Amino acid sequence: MILRKITFALSIVFLLAACSGETPIENKELKEYFSSYLNDNESVVGFGNAKIKDILNKAQYEKVKMLDAIVGGQLETFEGMINLNGPVYYAANGPLNRDAAPEEIVLFIEVLDEANLKSHLSSEMGYDLNEAKGFSYTSDGDMAMGIRENLVIIIIKPGNYDEKAFFKKAFERVDGEASSGDVAKLLKQDDGDIVVAMNIGNFIENSGRGMEGIPEPQMKEMKKLFDGAIVNTKVKFEDGKAVIQTENIFGNKLMDKMFFEKDPTTEVISHLGGGEPAAGFSMNIDVQKMETFMEDIHPQAMNKIGGMQYVGMKLMAGANDLGEVIDGKAGVLFFVPKDGETDKSKMMNLYLGLESKGEKLIETATSTFGEMLPPDLPAYKFEDGGLSVLGNSANASSRLVLPSVASDFGKSGINFFVNLEGLQAKDLEAMFKMKGLGPTLKVAKSVSFQYNNSGGELVITAKKGQENILKQALEAAVSDISELMGGVSF
């Protein structure tokens, strides 16, 4: 995927970050170069930046002796050659492969001393620098690097290609006109340790086989609908928490088709029984708008996503659309299992809002198959236009007590929370079939997520509120490695 390739590419420049200098550049600024590169570039499916130096400082890697010795010692060499005190910009370019991964990742880095950098690359690192008109370039495996005055362009791309031609075109692009509109506005924003912006219109254009089977007229309309649409994501590592925010930058026509709904009354909660849940999920959507939107993208989209369950539900209910069966309100609460408890149905309360045909379907099913149901089936209530299933009798009569992390639960189109306080790794494995979460429990106190038509937010709250979450994560990782190696100090 795009994020995986971006992470791989950025890992290369992490090795050059810790000791970079602060000499100002008098030529065109790095951001301006990048803006020009993006301008009318239909190959760019994703773009953004990462503040490498800030991330390293927040993690306080230098306090880990092993990392400081290995990383810090070697990085001193690059001090004054490149500037990574500011952002490193990147673009992910299509076409996309079958896994929706981009063909190439392109990085943009500011050069402080071109002569010194080129000398070090050739004499100390053994790179053969090729000279072209106006720039130098070299390569090593899947990586190639072009250098021109105050700018380095790095490309990560497998296979054989004309490196000289690529850099010639790239340097010509960065000398062109800057981007305008939404792209220009995004580049002016300065918050976020990592920024990932996906251009959905370009993503569709570069998807190739991924769009096979869509009729040409529908494909044409879809391209028009998503033209210029961007999903912008910012990752912020703060004291006591990590925040991932998404913003949907859509045109009016596309935004009008969005199907998430807000519910300040939190009606879903009133149907979820009682107890003290450790996690929960809720949904408020316009089902009819969702089906229409998905069918606008692909005529068989809902059938492919829902499978036979989707088709079967409509057939049994005698409905043409899913919106005639369910009303779009749903929720589930998860409870910490009691000692020895393995039945997942006893660990949750759930609610599904129904329309008239959905109510008739449930009534018919219970009257027809009621005697065949197992005697230990969780208690359920069929009333108020929905079906509530309660994991155990105590949850049916007790008061619902939500943790503080769930203060907005049920209000957005999508809400999710996990309260990790007091949980063990075995509890999470029993509830969600997820293993290897021990290290997460050492750092995180809770997780919350909310999403609406305009975007969403994921917040991971750390146990120590006064320390940056990256520092806490690094300390936990070092502690785990130390334990695995018999208490060796790092």
Side-chain angles (χ1 to χ4, degrees), residues 241 243 246 258-290 322-323 325-338 341 343-356 358-359 362 377-423 427-428 430-432 444-461:
K241 63 182 177 181
V243 181
T246 64
M258 293 295 97
F259 46 83
F260 295 103
E261 297 186 326
K262 295 182 179 180
D263 181 13
T265 68
T266 63
E267 179 188 343
V268 168
I269 293 179
S270 66
H271 301 291
L272 285 172
E276 298 185 19
F281 170 86
S282 67
M283 177 177 71
N284 294 293
I285 64 172
D286 185 318
V287 180
Q288 188 172 18
K289 287 186 71 174
M290 179 197 69
L322 187 62
V325 183
I326 61 175
D327 68 5
K329 293 184 181 296
V332 58
L333 297 175
F334 299 91
F335 299 86
V336 178
K338 297 178 181 179
E341 182 63 75
D343 185 353
K344 290 194 68 173
S345 67
K346 297 291 198 309
M347 305 176 199
M348 64 179 70
N349 293 352
L350 63 86
Y351 170 77
L352 179 64
L354 301 170
E355 294 291 359
S356 57
E359 293 178 12
I362 297 297
L377 191 72
Y380 65 89
K381 294 190 300 181
F382 180 50
E383 59 185 12
D384 298 328
L387 174 68
S388 296
V389 180
L390 308 179
N392 58 61
S393 57
N395 291 343
S397 58
S398 62
R399 183 172 65 93
L400 179 63
V401 181
L402 293 174
S404 58
V405 68
S407 58
D408 293 323
F409 184 65
K411 295 180 180 179
S412 299
I414 297 291
N415 281 104
F416 176 74
F417 75 87
V418 181
N419 179 27
L420 297 171
E421 291 186 285
L423 292 188
D427 299 328
L428 292 174
M431 288 191 290
F432 306 118
K445 182 173 68 173
S446 64
V447 179
S448 65
F449 174 75
Q450 63 85 20
Y451 193 86
N452 289 300
N453 294 331
S454 58
E457 182 178 74
L458 172 70
V459 179
I460 303 172
T461 304

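It should be emphasised that the depicted structure is a prediction, and the values quoted were computed from it without experimental measurement.
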- Message: I'd like to check the ring-ring contact (aromatic ring centres under 6.0 Å, His included) partners of Phe416; sequence neighbours left out, ordered by chain and number.
- Response: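 By the ring-ring contact (aromatic ring centres under 6.0 Å, His included) rule, Phe416 matches no residue at all.
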
- Query: Hey, is the main chain of Lys445 close enough, under 3.5 Å, to the side chain of Thr461 for a donor-acceptor pair?
  - Reply: no

- Query: Short question: side chain of Asn349, backbone of Leu272 - any donor-acceptor pair under 3.5 Å?
  - Reply: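 The answer is yes, because a donor-acceptor pair under 3.5 Å joins these two groups.
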
Which distance, rounded to the nearest 0.5 Å, do you find between the [atom1] of [X] and the [atom2] of [Y]?
| X | Y | atom1 | atom2 | value |
| --- | --- | --- | --- | --- |
| Leu322 | Gln288 | CG | CD | 11.0 Å |
| Leu354 | Asp327 | CG | CG | 7.0 Å |
| Lys241 | Ser446 | NZ | OG | 10.5 Å |
| Ile326 | Leu387 | CD1 | CG | 12.0 Å |
| Ile285 | Glu261 | CD1 | CD | 8.5 Å |
| Glu276 | Leu402 | CD | CG | 10.0 Å |

For [X], enumerate each residue passing the side chain to side chain donor-acceptor pair (under 3.5 Å) test, keeping only those at least two apart in sequence or located in another chain.
| X | result |
| --- | --- |
| Ser407 | none |
| Asn284 | Lys329 |
| Asn453 | none |
| Glu359 | none |

Where [X] and [Y] come nearest, the two heavy atoms and their spacing:
| X | Y | answer |
| --- | --- | --- |
| Ile460 | Ala444 | CG2-CB, 4.0 Å |
| Pro403 | Asn419 | CB-ND2, 3.7 Å |
| Ser398 | Gly275 | OG-N, 3.1 Å |
| Leu390 | Gly273 | CD2-CA, 3.9 Å |

With a 4.5 Å cut-off on side-chain heavy atoms, are [Y] and [X] touching?
| X | Y | answer |
| --- | --- | --- |
| Phe259 | Val287 | no |
| Phe334 | Met348 | yes |
| Leu400 | Pro277 | yes |
| Phe409 | Thr266 | no |
| Tyr451 | Thr246 | yes |
| Glu355 | Val325 | no |

- Query: Given Phe417, which of Val447, Val459, Val405 fulfils the side-chain contact (heavy atoms from CB on, under 4.5 Å) condition?
  - Reply: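 For Phe417, the side-chain contact (heavy atoms from CB on, under 4.5 Å) test succeeds with only one of Val447, Val459, Val405, which is Val405.
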
- Task: For Lys411, check salt bridge (charged side-chain N to carboxylate O under 4.0 Å, His left out) against everything at least two apart and list the hits.
- Result: Asp408

- Query: Would you call the rings of His271 and Tyr351 parallel, tilted or perpendicular if under 30° counts as parallel and over 60° as perpendicular?
  - Reply: parallel

- Crowding at NZ, Lys289 (>12 non-hydrogen neighbours, <6.0 Å):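 Yes, because the 6.0 Å sphere around NZ of Lys289 holds more than 12 heavy atoms from other groups.
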
